[in-house]
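Written out below as structure tokens is the structure these notes cover.
Predicted model, so just to flag it, every value in this text is computed and none were measured.
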2 protein chains.
Amino acid sequence: MARWEPNARGRLEDAALDLFTERGFDKTTIAEIAQRAGLTERTFFRHFADKREVLFGGSALLRDLLTGAVAEAPADASPLDAVAAALEKAGSLLQERHPYARRRQAAIEANEELLERELVKLASLADALATALRSRGVAAPEASVAAETGIAIFRSAYPLWVAADDSTQLPDCIRAAFATLRGLTAPE
Amino acid sequence: MARWEPNARGRLEDAALDLFTERGFDKTTIAEIAQRAGLTERTFFRHFADKREVLFGGSALLRDLLTGAVAEAPADASPLDAVAAALEKAGSLLQERHPYARRRQAAIEANEELLERELVKLASLADALATALRSRGVAAPEASVAAETGIAIFRSAYPLWVAADDSTQLPDCIRAAFATLRGLTAPE
DNA sequence: AGCCTGATGTCAGTTCATGACATCGAAAGA
DNA sequence: TCTTTCGATGTCATGAACTGACATCAGGCT
């Protein structure tokens, strides 16, 4: 028989999102999260570097997905095409968890500190994308701009999807945002 | 005779940047910053919402400059042109403080929390740009994408300028990044 | 059996952040 | 000039976020 209940990390994540939703991030203490998960405050900090990080456990996964997709894009795909393909793939993954994404996003948007952390995660995704592009032989400036632009697109599309009804597909939103960008930069 | 030394806020900003440079953000306590500025910890928090904010007092200025520049762009300028013009104007302002920008950026890049705050400020600049574009009659999706793209450009250009020698001009870096973007999105 | 490992617990301490109230020059009005 | 009000700062107290050091103990390994 195991000494402890399994999946402490997952229990902490669930407890945290529940409490943030109920009473907000600020009004929730780590002791409360830990208690609801049947653990102690100290153990929380063994699983998450700080209080906010408990909502961002999935971002490493997303990063791997994006870099993998860029690496596997057709050899003749342009940098921006590769980025677009990667973002749409990531969009498909997130699509599967629309209800969860909504709860999580509501909590994030209700709190400045969480918004900060989200932006950092997006920026690190941009870095990962740029690195993946360079591995394809894309020059550094192009890689950086393409990656940052991709994240800019995502930042435009994601809130629309989160706010939309369940039938709206995130990959479609992303495609639409890319089309908008091409319209903006097209010669008159 | 004044009851207190003038410019408490500025003294706190100077003391903070000095200490962050000397021993790093983490190893600096607010009590130390306040003491060096001849004030108390409590007063620090009357001037800045938290410890990081002491490095970001200028961002409101930058936001006003950007929104003003967008508003004053020629009526026939495209959204992206208006954003580009605003960014170059902001670039000129920052150019005047290259040495300060370097010290500040070194401190920021040495600490994850400060990096977070910087990203938030950039995101709020993106929001401000988008709002200014909508005031010009630009539709919401175009405004959002143009603004986010502009900030993406800035994020690509700014580190290059900070790392470059004193003769490098930030507006030039921004123009170059825009040119890179147009190259990326141009039809083959 | 005996040892080791690793996830968790316990406890003490530092720092960040905020609320409540006190202080006292200076500006403004009677 | 006297008095009042105001605003920037100080003092004190407290809660909550984090961190380091050490203890515990089931399960696996030899």
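B/Lys121 pairs by the side-chain hydrogen bond (donor to acceptor under 3.5 Å, both in side chains) definition with B/Glu53, not counting sequence neighbours. Among residues two or more places apart in sequence or in another chain, the side chain to side chain contact (heavy atoms under 4.5 Å, CB included) test is passed with B/Leu93 by B/Leu62, B/Leu65, B/Glu96, B/Arg97. In this view, B/Phe48 and B/Phe44 satisfy the ring-ring contact (aromatic ring centres under 6.0 Å, His included) rule, not counting sequence neighbours. For B/Asp127, the salt bridge (Lys or Arg N to Asp or Glu O under 4.0 Å) criterion is met by no residue, not counting sequence neighbours. Partners of A/Arg102 according to the salt bridge (Lys or Arg N to Asp or Glu O under 4.0 Å) rule, which considers only residues two or more places apart in sequence or in another chain, are A/Asp166.
For the pair A/Arg104 and A/Phe56, the cation-pi criterion (under 6.0 Å, within 45° of the ring axis) is fulfilled.
Note on residues 170-186 of chain A: pairs passing salt bridge (Lys or Arg N to Asp or Glu O under 4.0 Å), not counting sequence neighbours, are A/Asp81-A/Arg182, A/Glu88-A/Arg175, A/Asp172-A/Arg175. Applying the salt bridge (Lys or Arg N to Asp or Glu O under 4.0 Å) rule to pairs touching residues 150-161 of chain A yields A/Arg155-B/Glu148, sequence neighbours excluded. The ring-ring contact (aromatic ring centres under 6.0 Å, His included) contacts involving residues 108-137 of chain A comprise nothing, where partners must be two or more places apart or lie in separate chains. Legend: ring-ring contact (aromatic ring centres under 6.0 Å, His included) pairs involving residues 61-109 of chain B, not counting sequence neighbours, sorted by first then second residue: B/His98-B/Trp161.
Using a 4.0 Å cutoff on non-hydrogen atoms, the parts of residues 20-38 of chain B near DNA chain C are B/Thr28, B/Thr29, B/Ile30, ordered by number. Heavy-atom distances under 4.0 Å link DNA chain C to B/Arg42, B/Phe45, B/Arg46, B/Ala49 of residues 42-49 of chain B, given in residue order.
B/Lys51 places its NZ atom 17 Å from the P atom of D/dA17, with the value rounded to the nearest Å. Nucleotide C/dT15 holds its P atom 16 Å from the CG atom of B/Asn111, rounded to whole Å. The CD atom of B/Glu53 sits 16 Å away from the P atom of C/dC16 (whole-angstrom rounding).
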Tabulated below should be each protein N or O lying under 3.5 Å from an N or O of nucleotides 4-6 of chain C; please produce it.
from: C/dG6; atom 1: N2; to: A/Arg3; atom 2: NH1; distance (Å): 3.3

